[in-house]
Amino acid sequence: MLKRVLIANRGEIALRVLRACREMEIETVAVYSEADRDALHVQLAGQAFCIGPAPAAKSYLNQDAILTVAKAAGCDGIHPGYGFLSENADFADRCRQEGITFIGPSGDVIRRAGSKSAARSCMQQAGVPVTPGSDGPVATAEDALRVADTVGYPVLLKASAGGGGRGIRRCNTPAELPGFFEAARAEAKACFGNDEMYLEKLVLNPRHIEFQILADRFGNTIHLGDRDCSIQRRNQKLLEEAPARCLTPELRAEMGAAAIRAAQAVGYENAGTVEFLLDPDGRHFYFMEMNTRLQVEHGITELITGVDLVRQQLRIASGLPLELKQADVRFCGHALECRINAEDPAENFRPCPGRADFLHFPGGPGVRVDSCLYVGYTLPPFYDSLAAKLLVHGPTRLEAIRKLRRCLEEFALEGIPTNAELTHELLYHPTFIRGGCTTSFLDEALPELLEYDRKFRETEVQT
């Protein structure tokens with residue numbers, strides 16, 4: 001078993017990993033930027049080291065600084081969390097070269113699965129359905145135009161190394177494509193240090209369904225069920241649930257088997273996620289991408305399975321076989337997660353970092369809050385706007401919805417505007433209650449939801 005792990009991340013995911021390590025009696029080392037000096041993960045870690053100024057490029061993406069700390073502190077493992085270096089194949093390779101275990105797949109696997117264009121080709125060979133599009137990366141806008149003419153518009157331009165909705169552009173006509181291609185490529189270069197692009201046919205009004213994978217180095221691969229992540233704004237998830245209400249038992253089994261084939265095709269090891277688009281007909285699905293890391297929404301899988309995914313990551317990285325076989329996985333009830341972001345929906349979701357002057361988290365059976373906030377903490381403006389994740393579990397989907405409504409009503413944060421009220425309104429929307437949300441739902445429903453949000457704020461001010 002690993003003895004001392006450096007957590008190469010920040011915020012709630014750094015806390016999540018830290019707590020799992022402490023429960024397994026693994027020593028923890030935190031790294032932090034100058035902006036995160038007062039962060040909770042810094043205060044709770046066994047040791048903590050500053051690795052640079054606020055910008056991520058000079059701190060959380062500084063491989064030399066992180067590896068220097070890991071070696072000086074005697075760490076035998078590095079957990080990257082999600083974002084930052086979590087899907088950086090070169091960093092995984094450097095950890096191995098330094099004799100430090102990267103808690104995730106190898107660099108070679110990250111290159112095969114993490115590159116969206118390379119993964120598409122691999123999935124085609126493994127018999128996993130993929131959306132029509134380019135067979136590999138497209139080097140120029142002219143190449144992209146030729147592929148788009150073949151598959152038909154609308155199309156999506158996507159960064160091979162992308163994630164979090166970055167490096168993606170929808171093109172409805174040939175005239176739009178050249179400009180969008182350069183814009184997406186520039187964004188991909190800025191966010192991921194890689195401007196490789198590919199193109200695929202846009203499946204209109206699909207659902208976004210993903211399967212959680214666990215795999216060890218002995219060839220054992222299982223899935224821990226599915227999550228519906230269709231509620232998104234500009235390709236960024238807002239609310240997730242598990243299991244997906246729209247899947248029949250037969251389709252769930254078929255997609256789960258495809259997810260396992262996908263992971264095995266790239267030689268996957270550790271925790272990962274295989275993401276699919278489900279056609280509006282509810283029968284045809286297509287491989288979208290594979291995330292070679294822990295997902296933000298991993299907690300809802302933990303709630304319906306009782307499996308601690310970070311614990312499993314640490315065990316697998318320590319060279320131990322999976323504790324579970326596929327037949328051992330049991331699913332219980334329904335779970336929902338909403339992301340509470342420090343942003344103002346009324347101002348086009350403008351990020352609103354600030355100081356938490358007052359804070360109250362909801363509680364009760366089946367309630368979980370993952371957050372780095374505490375009273376007096378100042379959320380810095382340099383990173384993602386995620387302030388908290390509110391997760392609930394209930395025997396049925398309706399009971400889980402009611403529980404999440406109640407929790408959002410209890411949640412209180414003064415000093416930092418959030419999207420909590422907007423999410424609360426969403427939970428009463430008839431389309432959501434019926435389980436009919438596709439990836440286009442939120443963008444279409446936003447004007448209505450924002451109007452409810454505006455009236456709520458006006459009533460609150462008057463009161």
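Note that the coordinates shown come from a computational prediction; the quantities given were computed from them, not determined experimentally.
- Residues Arg120 and Glu289 are not paired through a salt bridge, judged by the lack of any N-O separation under 4.0 Å between the basic side chain and the carboxylate.
- To the nearest 0.5 Å, the span separating CG on Leu386 from OG1 on Thr418 amounts to 11.5 Å.
- Between Glu409 and Arg405 there is no salt bridge, since no side-chain N of the basic residue sits under 4.0 Å from a carboxylate O of the acidic one.
- Checked for salt-bridge contact, Arg227 and Glu241 miss the test: no charged N lies under 4.0 Å from a carboxylate O.
- Checked by atom type and distance alone, the side chain of Arg207 pairs as donor or acceptor with a backbone atom of Cys437 at under 3.5 Å.
- The closest side-chain heavy-atom distance from Leu422 to His424 is not below 4.5 Å.
- Salt bridge status for Arg22 with Glu27: absent, with no side-chain N to carboxylate O gap under 4.0 Å.
- With a 4.5 Å cut-off on side-chain heavy atoms, Ile209 and Met255 count as touching.
- In this model, a donor atom of one side chain and an acceptor atom of the other lie less than 3.5 Å apart for Gln43 and Tyr374.
- Salt bridge status for Lys389 with Glu297: absent, with no side-chain N to carboxylate O gap under 4.0 Å.
- Among the candidates Phe84, Phe91, Phe382, the single residue satisfying the ring-ring contact (aromatic ring centres under 6.0 Å, His included) test with Tyr60 is Phe84.
- Using a cut-off of 4.0 Å between Lys/Arg side-chain N and Asp/Glu carboxylate O, Asp93 and Arg111 are scored as salt-bridged.
- The CG atom of Leu309 sits 6.0 Å away from atom CG of Leu214, with the distance rounded to the nearest 0.5 Å.
- Using a 4.5 Å heavy-atom threshold, the side chains of Cys352 and Arg350 count as touching.
- Taking a cutoff of 4.0 Å between a charged side-chain nitrogen and a carboxylate oxygen, Asp443 and Arg233 do not qualify as a salt bridge.
- Once rounded to the nearest 0.5 Å, the distance linking SG of Cys191 with CZ of Arg166 reads 5.5 Å.
- Heavy atoms only, all atoms of each residue included: Ile416 and Gly354 are closest at CD1-O, 3.3 Å.
- Counting non-hydrogen atoms of other residues, nucleotides and ligands closer than 6.0 Å to CD of Glu25 gives a total of 12 or fewer.
- Between Arg330 and Asp328 there is no salt bridge, since none of the side-chain N atoms of the basic residue sits less than 4.0 Å from a carboxylate O of the acidic one.
- In this structure, a donor-acceptor pair under 3.5 Å is absent between the side chains of Gln212 and His223.
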(Q) As a quick check of understanding, evaluate salt bridge (Lys or Arg N to Asp or Glu O under 4.0 Å) for Arg19 and Glu23, giving each step before the final call. (A) CA-CA 6 Å; Arg19 287 164 174 157; Glu23 290 170 10; over 6 Å; no
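- In this structure, CZ on Arg16 lies 11.0 Å from CG on Leu18, to the nearest 0.5 angstrom.
- Remark: the backbone N or O of Leu2 is paired with a side-chain donor or acceptor of Ser318 at under 3.5 angstrom.
- Taking both residues in full, the closest heavy atoms of Leu404 and Cys338 are given as CD1-SG, 4.0 Å, listed atom of the first, atom of the second, then distance.
- Arg293 and Gln295 form a side-chain donor-acceptor contact under 3.5 Å, judged by distance and modelled atom types alone.
- Geometrically, Arg10 does not engage Tyr32 in a cation-pi contact defined by less than 6.0 Å to the ring centre and at most 45° from the axis.
- Under the 4.5 Å side-chain criterion, counting only non-hydrogen atoms from C-beta, Arg339 is not in contact with Gln236.
- Just one residue in the list Glu337, Glu210, Gln232 forms a side-chain hydrogen bond (donor to acceptor under 3.5 Å, both in side chains) with Lys237, and that residue is Glu210.
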**Q.** Verdict with reasoning, Arg94 to Asp64, per salt bridge (Lys or Arg N to Asp or Glu O under 4.0 Å)
**A.** CA-CA 10 Å; Arg94 291 190 64 184; Asp64 291 335; 2.7 Å; yes
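- Judged by distance alone, the side chain of Glu196 and the main-chain N or O of Ser160 form no donor-acceptor pair under 3.5 Å.
- Inter-residue side-chain proximity for Val307 and Gln312 is flagged as met; some heavy-atom pair is nearer than 4.5 Å.
- Side-chain contact annotation: Asp228 with Ser230, donor-acceptor N/O pair under 3.5 Å present.
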Q. Checking side-chain contact (heavy atoms from CB on, under 4.5 Å) for the pair Glu34/Cys50: CA distance, chi angles, key distance, verdict?
A. CA-CA 7 Å; Glu34 292 173 358; Cys50 182; 3.8 Å; yes
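- Taking the six-membered ring where tryptophan is involved, the planes of Phe361 and Phe411 are essentially parallel, since the angle between them stays under 30° and well short of 60°.
- Note that the CD1 atom of Ile7 and the SG atom of Cys21 stand 5.0 Å from one another [nearest 0.5 Å].
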Q | Intermediate values then yes/no, side-chain contact (heavy atoms from CB on, under 4.5 Å), Val5 and Cys75 | A | CA-CA 5 Å; Val5 168; Cys75 297; over 6 Å; no
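- With values rounded to the nearest 0.5 angstrom, Ser371 atom OG is found 10.0 Å from Leu390 atom CG.
- Phe432 has its ring centre no less than 6.0 Å from the ring centre of Phe441.
- Residues Cys95 and Leu67 form a side-chain contact, since some pair of their non-hydrogen atoms from C-beta on lies under 4.5 Å apart.
- Side-chain atoms of Lys158 never come within 3.5 Å of backbone atoms of Met197 as a donor-acceptor pair (strictly under, hydrogens ignored).
- Salt-bridge check for Glu182 with Arg185: passed, with a basic side-chain N closer than 4.0 Å to an acidic carboxylate O.
- When side chains are defined from C-beta on, Tyr383 counts as touching Ser33, because their heavy atoms get closer than 4.5 Å.
- Of all non-hydrogen atoms in Glu200 and Thr131, the two that sit nearest each other are OE1-OG1, 3.1 Å.
- Listed here is the closest heavy atom pair of Ala342 and Leu379: CB-CD2, 3.5 Å.
- Proximity of a side-chain donor or acceptor of Asp226 to a complementary backbone N or O of Ala244 within less than 3.5 Å is detected.
- For the pair Ile300/Leu336, no side-chain contact is recorded, criterion being any heavy-atom separation below 4.5 Å from C-beta on.
- Checked by atom type and distance alone, the side chain of Asn88 pairs as donor or acceptor with a backbone atom of Asp90 at under 3.5 Å.
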Q. Yes or no on side-chain contact (heavy atoms from CB on, under 4.5 Å) for Val138 and Phe181, after CA distance, side-chain angles and deciding distance?
A. CA-CA 10 Å; Val138 286; Phe181 181 86; 3.9 Å; yes
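- The minimum heavy-atom distance between Arg406 and Pro362, with the atom names listed, is NH1-CB, 4.4 Å.
- Between the side chain of Asp216 and the backbone N or O of Phe218, at least one donor-acceptor pair lies under 3.5 Å.
- Judged by distance alone, with hydrogens and angles left aside, the side-chain atoms of Thr378 form no donor-acceptor pair with the main-chain N or O of Pro380 at under 3.5 Å.
- No donor-acceptor pair closer than 3.5 Å links the side chain of Ser59 to the backbone N or O of Ile51.
- Side chain of Thr28 to backbone of Gly46: a donor-acceptor contact under 3.5 angstrom is found.
- Below 30°, between 30° and 60°, or above 60°: for Phe276 and Phe287 the angle between ring planes is above 60°, a perpendicular geometry.
- Applying the salt bridge (Lys or Arg N to Asp or Glu O under 4.0 Å) test to residues at least two apart or on different chains, the pairs with a partner in residues 66-84 are Lys71-Glu98.
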Q: Show your reasoning for whether side-chain contact (heavy atoms from CB on, under 4.5 Å) applies to Leu15 and Leu40.
A: CA-CA 8 Å; Leu15 282 172; Leu40 200 52; 3.8 Å; yes
